[in-house]
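Shown next, in structure tokens, is the structure this report addresses.
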Amino acid sequence: MFDVTQSLSNLKGIGPKRKTVLLEHGISTYYELLTYFPRRYLDRNFTKDIILKQGDVVTLLGSIVDSYIVHGKKSRLLVGFRTLNNERINLVFFRGVNFFQKLFAIDKKVVVSGKLEYFRGYQILHPEYEFLSDADDPEDSIHAGRIIPLYPSTEALKEDGLDSKGLRKLIHQVLEAGTISENLPSKFIKKRKLLGRDEAFRNIHFPDTMETVQIARKRFAYEEFYYFQRLLLYKQRERQKVKRLLWPLPKSPSRTNLEKNLPFELTEDQKSAVTTILSKTNSDSPSAFLLQGDVGSGKTITALLVGLHYIDNHIQVVFLAPTEILARQHYQTIYKFMGNMPFLGIELLLGGENKKTRAEKLSRIKTGESNIIIGTHSLLQEDVIFSDLGLVVIDEQHKFGVDQRETIRAKGKNPDILAMTATPIPRTLCLTLYGDLTLVNIKTKPKGRKPIDTRWYKEDRRAGVYNSIRKYVSSGRQCYIVYPLVEESEKVDLESCTVAYENLRTTVFPDLKIGLLHGKMKSVEKESVMEKFKSGEIQILVTTTVVEVGVDVPNATILVVEHAERFGISQLHQLRGRVGRSDLESFCILMTGDSISEEGRDRLEALVASNDGYYLAEKDLAIRGPGELLGVKQSGLPEFKIADLVVDRELLDEAKEDASSIPLDDPNEVSELRIRFSEGKFLFAN
Ligand code: ADP
Ligand code: MG
């Protein structure tokens, strides 16, 4: 046994220079080195028989046959590499041309890996590489004649001799130091047939077969999930120590009144969501909910009905929305719903308001005169002080970061949290991210909603698309035409949106009323355009992704998305949710150019085939992976080293079951959790 937390200084070959560079890569202890897992393995037997296929990520052994620089607009280096199968592959370098030409000397034996592409023959762009000694060094059995682990390295590490091979030597040394102790309860190891920790480390770094790699991998994935679930348990326990200070009324006259006057019948799911949420608000400690419901399922009214139980007890409710347009819409919706009731003190707080107005609003919020406060990020500012904030509703919560959610929570008196999302989060992700929130689902949509007819068209159909728009708009419907806008190319994107608007206004539909709406417009302009669109005065709204979430204009039934290939599945589904918000038949037209990547094709076809947000989210997760799917970097998603939320779903379920079956009372474990996840702060909002 040896202490895995000891410093690397105890290893041979670690001087101050290497120590520093390793530290810069987050490696300072034996443990951190042991969990610096191989990215790939080189299995020599496998390499000989490999069938090369374009698009595959390959690891190949071979030697350098030639190299030359191709001069052009941008010079590039082509290094000829020949595999054991006598297949020629060009290694292509755009950067460091001279450096790499020297490095890849003729006849050198090298292992390269990367994605195989085809361009006048096979090629790999900027491959990862590792040079082998000329004769396979028989003394150095960790580098030859077996399955060899390849470690990710960087230029900085390589400079200090810590290329894949150097790292391998270090890790081998650590494994030689002794046995690594187990950290999982033995009963779970038995039950789940997991590999012991010591053996798992040995097998993941120096496996005998590729099967053993998988078995070792499984153990570490389980371990990560297990400790993550224990962390959630710990957070839950800490949260239960927080005392509820504000109690919503079990019976709310305002709610009864509102329900009586609603212009529609609530769906069963809406009703049961309200009941479920309220049933937890009589507990001694505040609760946190995640209300999930596909676009258009009616979450706003659900949250409002819950909120009235607080308001009737003079407790403040805040609605946080990601965009001004959405905040304003919530304000109007709520105002309209509450219209026939005594004034309840509804406040709208946006950024960029004049000082005096803001000061007046802030004062009403502070004294408690305002009961429902709706707003954007401007609610997060320090000058916003509540008198008795007891419920925080966060709309489109995936648009906010963990710390923002925490900021607004901290302004309340231990408030309940109701986070809402229309991006259905695949179940696995949900368990991971929000494992400590109470999940409430609205599965069904209001009666009478028809599925949205989604089509994918290329340029040759544009005239037809414009004809259809004209036809529907003339019969009284309205239409959105959406242009992509991403931060990196914001200026160009905005320009193409405005140019298109001018063209549509003057040339294509000179007889129709067209409006332009984008995020860079002044607040009052945005408001007036949105107002005109809502009232039907504007018939076609040319816009950017500012309308992506939440916007509700039921009479709009056609949505055209330009450059649809530039959007992700979930984003397109959200956008599509702008139509189909009444019992009118609706259309979503996805326009693209002619050449679309295979992945883009998959996405568009998925949207055409399905209207089911949950199905599409699973699809999105499979195509893009969890980080991309959630969009926001600071989404609070833990970074697992090995575990994969897509591949290891079942393992997550098992780890969850196990982790919640034994008490959390060992102080050592609690402190381990604190170290593993440097957290403590985000008890609710995560
Ligand atoms: P989302 O869940 O996407 O936030 P909204 O709350 O904006 O959806 O509701 C979408 C539209 O459906 C709104 O116009 C809303 O007034 C309406 N709505 C909500 N519940 C019902 C219902 N039970 N029956 C009919 N229309 C409803
Ligand atoms: Mg909404």
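In each ligand, atom 1 is the first atom listed, and ligand 1 is the first ligand listed. We count residues from 1, following the sequence as given.
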>> Counting non-hydrogen protein atoms only, what is the nearest one to atom 22 (C) of ligand 1? Give residue, atom name and distance.
In response: Phe264 CD1, 3.3 Å
>> Using the side chain to side chain donor-acceptor pair (under 3.5 Å) criterion, which residues pair with Thr454? Sequence neighbours excluded.
In response: Arg576
> At what distance is the nearest protein heavy atom to atom 24 (N) of ligand 1, and which residue and atom is it?
Replying inline: Pro446 CB, 3.3 Å
> At a 4.0 Å threshold, what atoms of ligand 1 neighbour a non-hydrogen atom of Ser297?
Replying inline: 2 (O), 8 (O)
> Any non-hydrogen atom of Gly293 lying under 4.0 Å from ligand 1?
Replying inline: no
> Where the closest heavy atom to atom 13 (C) of ligand 1 is concerned, which of Asp552, Leu326, Val551 has it?
Replying inline: Asp552
> Hey, does Pro554 come in under 3.5 Å of ligand 1, counting only N/O atoms on both sides?
Replying inline: no
>> Just by distance, no angles: are the side chains of Ser523 and Glu324 close enough, under 3.5 Å, to form a donor-acceptor pair?
In response: yes
> If you count the atoms of ligand 1 from 1 in the order shown, which ones are under 4.0 Å from a heavy atom of Val295?
Replying inline: 3 (O)
>> Give me the residue, atom name and distance of the protein heavy atom closest to atom 8 (O) of ligand 1.
In response: Gly298 N, 3.3 Å
> Will you find, in the side chains of Gln316 and Glu347, an N or O donor that is under 3.5 Å from an N or O acceptor?
Replying inline: no
> If we only count heavy atoms from C-beta on, is the Leu389 to Lys413 side-chain gap below 4.5 Å?
Replying inline: no
> Just by distance, with hydrogens left out, do Tyr466 and Arg470 show a side-chain donor and acceptor under 3.5 Å apart?
Replying inline: no
>> Taking 4.0 angstrom as the limit and counting only heavy atoms of Thr267, give me the atoms of ligand 1 inside it, by number and element.
In response: 23 (N)
> Does any N or O atom in Gly296 lie less than 3.5 angstrom from one in ligand 1, N or O only?
Replying inline: yes
>> Among Lys445, Arg581, Arg449, which one puts a heavy atom closest to atom 12 (O) of ligand 1?
In response: Arg449
> Hey, is Arg449 close enough to Asp294 for a salt bridge, meaning N to O under 4.0 Å?
Replying inline: no
>> Which residue and atom name correspond to the protein heavy atom nearest atom 6 (O) of ligand 1, and how close is it?
In response: Thr300 OG1, 2.7 Å
> Salt bridge or not for Lys447 and Glu265, using N-O below 4.0 Å?
Replying inline: no
> Nearest protein heavy atom to atom 20 (N) of ligand 1, by residue and atom, and its distance?
Replying inline: Gln270 NE2, 3.0 Å
> Just which atoms of ligand 1 are under 4.0 Å from any heavy atom in Leu266?
Replying inline: 23 (N)
> So which heavy atom in the protein is nearest atom 23 (N) of ligand 1, and how far is it from that ligand atom?
Replying inline: Glu265 O, 2.7 Å
> Any ion pair linking Lys271 and Glu268 (charged N to carboxylate O, less than 4.0 Å)?
Replying inline: yes
>> With a sphere of 6.0 Å drawn around NZ of Lys471, does it hold more than 12 non-hydrogen atoms of other residues, nucleotides or ligands?
In response: no
> Which residue from His330, Lys299, Met420 reaches closest to atom 2 (O) of ligand 1 through any of its heavy atoms?
Replying inline: Lys299
> Looking at Tyr480 versus Phe533, is the centre-to-centre ring distance below 6.0 Å?
Replying inline: yes
